[in-house]
Structure formats: structure tokens, C-alpha cells
Amino acid sequence: MEDVPLSNPPDNQCVEVSITKDAVGLRDSRNPDGFVLVFDHGEWEAFVGGVANGSFRLPSPS
């Protein structure tokens, strides 16, 4: 399992990703008892691909 925390100073808003052979878990590391989003590897790869190709960019303000 690989945990990758990503912080956003100065608030230290953290996302923790846990990759196992069966699934990928995503949670707020500042709330370890909170909800965990769980994806299979295909779903995770689709999400990461969408991020890489800009599918989730917010529209420019007019």
C-alpha cells in the first residue's frame, strides 16, 4: 500500500491516496475517521486521465 498525502499550505488541507492491489482509497487526512472514497483501478485511471487532459477545469469567469 502506498499513501500519498498532498498538502495545501497554509491551511494544510490534505488528501490521502492509498493504492492497493485491489482498489484506490481517497480521504481527507485531517479527518481520518471520515468517509473514504473507494475506486477500482479502472475508475482511478479514468479520473487521473481526465485530470491530465483538462476535463475538470472550471469555466473561466465572464
- prompt: With hydrophobic residues grouped by side-chain heavy-atom distances under 4.5 Å, do Val51 and Leu37 end up in a single group?
  reply: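 Yes, Val51 and Leu37 fall within the same hydrophobic cluster.
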message: Quick check: is Val48 connected to Val38 through a chain of hydrophobic side chains (ILVMFWY, heavy atoms under 4.5 Å apart)?
response: no
message: Tell me whether Arg30 contacts the main-chain N or O of Cys14 through its side chain, where contact means a donor paired with an acceptor under 3.5 Å.
response: no
message: For the backbone of Asp40 and the side chain of Glu43, can you confirm whether one donor and one acceptor N or O come within less than 3.5 Å of each other?
response: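 Confirmed, Glu43 side chain pairs with Asp40 backbone.
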task: Measure the spacing between CG of Asp33 and CG of Asp28 and express it to the nearest 0.5 Å.
output: 11.0 Å
message: Quick check for you: to the nearest 0.5 Å, what is the distance between Leu26 atom CG and Glu16 atom CD?
response: 9.5 Å
message: Angle between ring planes, Phe56 versus Phe47, binned at 30° and 60°: parallel, tilted or perpendicular?
response: tilted
- prompt: At their closest point, which heavy atom of Ser55 faces which heavy atom of Asn53, and how far apart are they?
  reply: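 In this case the closest contact between Ser55 and Asn53 is OG-OD1, 2.5 Å.
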- prompt: Is there a side-chain contact between Val17 and Trp44 (heavy atoms, below 4.5 Å)?
  reply: yes
query: With no hydrogens and no angle check, do the side chains of Asp22 and Thr20 hold a donor and an acceptor under 3.5 Å apart?
result: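 There is no such pair between these side chains.
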